[in-house]
Protein chains: 2
Amino acid sequence: MVDVRLPRAEQVKVRPAGTEELTTRDRIVEVAARLFHQYGYHATTMRQIAGGVGIKAASLYNHFASKQELLTTISYGTMCEMLASVQTALAGVRDPGEQLRAFVRAHTTYCIAERYRARVADELRDLDPENLLDVVAMRDRYEAVLRGILAALDASSGGAVGDVTLVANAIGTMASQVSTWYRDDGRLSPDEIADVYAALALGAALAGVSQSGARARPR
Amino acid sequence: MVDVRLPRAEQVKVRPAGTEELTTRDRIVEVAARLFHQYGYHATTMRQIAGGVGIKAASLYNHFASKQELLTTISYGTMCEMLASVQTALAGVRDPGEQLRAFVRAHTTYCIAERYRARVADELRDLDPENLLDVVAMRDRYEAVLRGILAALDASSGGAVGDVTLVANAIGTMASQVSTWYRDDGRLSPDEIADVYAALALGAALAGVSQSGARARPR
DNA sequence: CCTACCGATCGGTAGG
DNA sequence: CCTACCGATCGGTAGG
């Protein structure tokens with residue numbers, strides 16, 4: 001297993017607006033995430049990454065043992081941040097419907113704010129098997145949170161959700177894909193998009209009951 | 001613009017179960033789609049594709065001028081097939097709600113049946129600019145169909161859908177992502193998944209009205 | 001559809 | 001963090 005030397009999720013700081021204050025290591029991660037997103041892992045060269053940071057390719061190896069370790073750092077770190085962000089958003093929220101809203105809102109907001117990282121982390125194809133294990137484990141924890149919320153929603157609504165795993169996949173992938181179409185010059189702000197997505201997710205999760213009218217919908 | 005020599009969408013035939021009857025050209029497309037999906041465009045080599053077909057790498061160039069033309073053929077052909085499949089599914093359907101169900105069911109079914117092609121076509125990053133134009137044009141036609149359905153649904157439901165473009169993006173990406181998590185040994189059949197997805201999409205599209213009691217969303 | 005081959009470029013290393 | 005460099009491998013071509 002590669003040592004990705006990540007800070008614990010709780011300690012991750014918000015990045016400052018400028019890049020002047022970042023360490024070289026953090027700037028490498030930033031540039032690499034952007035390039036991996038734009039061209040893909042294999043189409044991005046270490047020379048491109050180095051150029052974006054303002055150093056030579058060989059110097060990258062003072063910070064990362066390999067291109068693969070760089071990818072792992074981005075993917076694993078992003079997964080940790082995503083998990084931390086929804087956990088924060090869920091703190092103190094009891095109602096399953098409100099939990100789903102909070103989850104989707106936090107997830108959507110993160111996928112927009114950190115859209116390059118989010119895209120890279122969503123693409124597990126280029127990770128070596130041993131690194132893949134760690135990232136997938138973190139992703140599973142993330143998905144388990146969503147499934148838990150949907151299971152609670154299902155129980156409190158008399159089985160309105162139905163297939164919890166399937167609905168979790170549908171809602172999870174839907175929200176993750178915001179990062180593929182979001183544009184900075186779009187009509188809606190990230191917060192507005194996140195609110196709509198939260199409503200869409202709740203509507204989808206309760207679709208069975210709200211459409212068939214066969215069962216009472218909880219308030 | 002690369003000549004991708006595609007049959008018109010209406011003429012596309014259902015592939016037979018075995019691969020013995022396919023032409024070498026079609027087998028190359030089949031193998032390439034599978035490998036591009038599994039490893040990515042840049043991580044797949046012409047030698048791998050040739051090996052999968054049972055010929056040598058140089059022989060591929062009797063069928064395709066370049067690796068890029070092969071990718072374009074897959075992406076553009078898949079987009080044409082997807083468009084044709086939803087158009088067939090929509091034939092004669094008048095009710096906007098039923099149109100949405102038919103659209104999502106057809107799209108989901110296609111994304112499962114042709115999941116390798118669907119994944120490759122969903123990834124536009126590796127297409128050269130001139131080829132990208134053609135594929136994006138076809139994708140835009142596809143999305144316009146969905147937006148049209150949602151606009152009709154919005155009109156017939158007193159503005160329940162709200163932001164048609166946003167909802168179209170959400171539903172479209174959700175359904176496309178089935179191909180990322182579908183497993184042949186899963187509990188549900190493709191048809192069952194497609195039915196659930198159709199219900200989820202309708203629930204999401206009408207989420208505003210079903211959750212807030214017909215309160216119009218701010219435009 | 002094959003063998004033989006090539007220029008370009010890649011990830012990574014040596015050594016300072 | 002740099003210059004200099006290398007083995008491996010890639011997409012593609014020549015010529016049959």
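Throughout, a chain's letter reflects where its sequence line sits, starting with A, and its residues are numbered from 1.
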Give a yes-or-no answer on whether the side chains of B:Ser176 and B:His107 include a donor-acceptor pair shorter than 3.5 Å. yes
Please work out which of the three classes, parallel, tilted or perpendicular, describes the rings of A:Tyr41 and A:Phe36, given edges at 30° and 60°. perpendicular
Take atom CZ of A:Arg27 and atom C1' of D:dC1, then tell me their distance rounded to the nearest Å. 13 Å
Base versus backbone protein contacts along nucleotides 9-16 of chain D [heavy-atom cut-off under 4.0 Å; B, S, -]: -SBBB---
Kindly check if the number of other-residue, nucleotide or ligand heavy atoms within 6.0 Å of OH (B:Tyr39) is above 12? no
Is atom CZ of B:Arg141 surrounded by more than 12 heavy atoms (other residues, nucleotides or ligands) closer than 6.0 Å? no
Any donor-acceptor N/O pair, B:Arg25 side chain to B:His63 backbone, under 3.5 Å: yes
Between the side chain of B:Gln177 and the main-chain N/O of B:Met174, is any donor-acceptor distance below 3.5 Å? no
Contact summary for B:Tyr61 and B:Ser66, nearest pair of heavy atoms: CE2-CA, 4.1 Å
Within a strict 4.5 Å, meaning less than it, do heavy atoms of the B:Leu132 and B:Arg125 side chains meet? no
Take N1-N3 plus N6-O4 or O6-N4 for Watson-Crick, N1-O2 plus O6-N3 for G-U, both under 3.5 Å. Which runs of 3 or more such pairs involve DNA chain C? C:1-16 with D:1-16
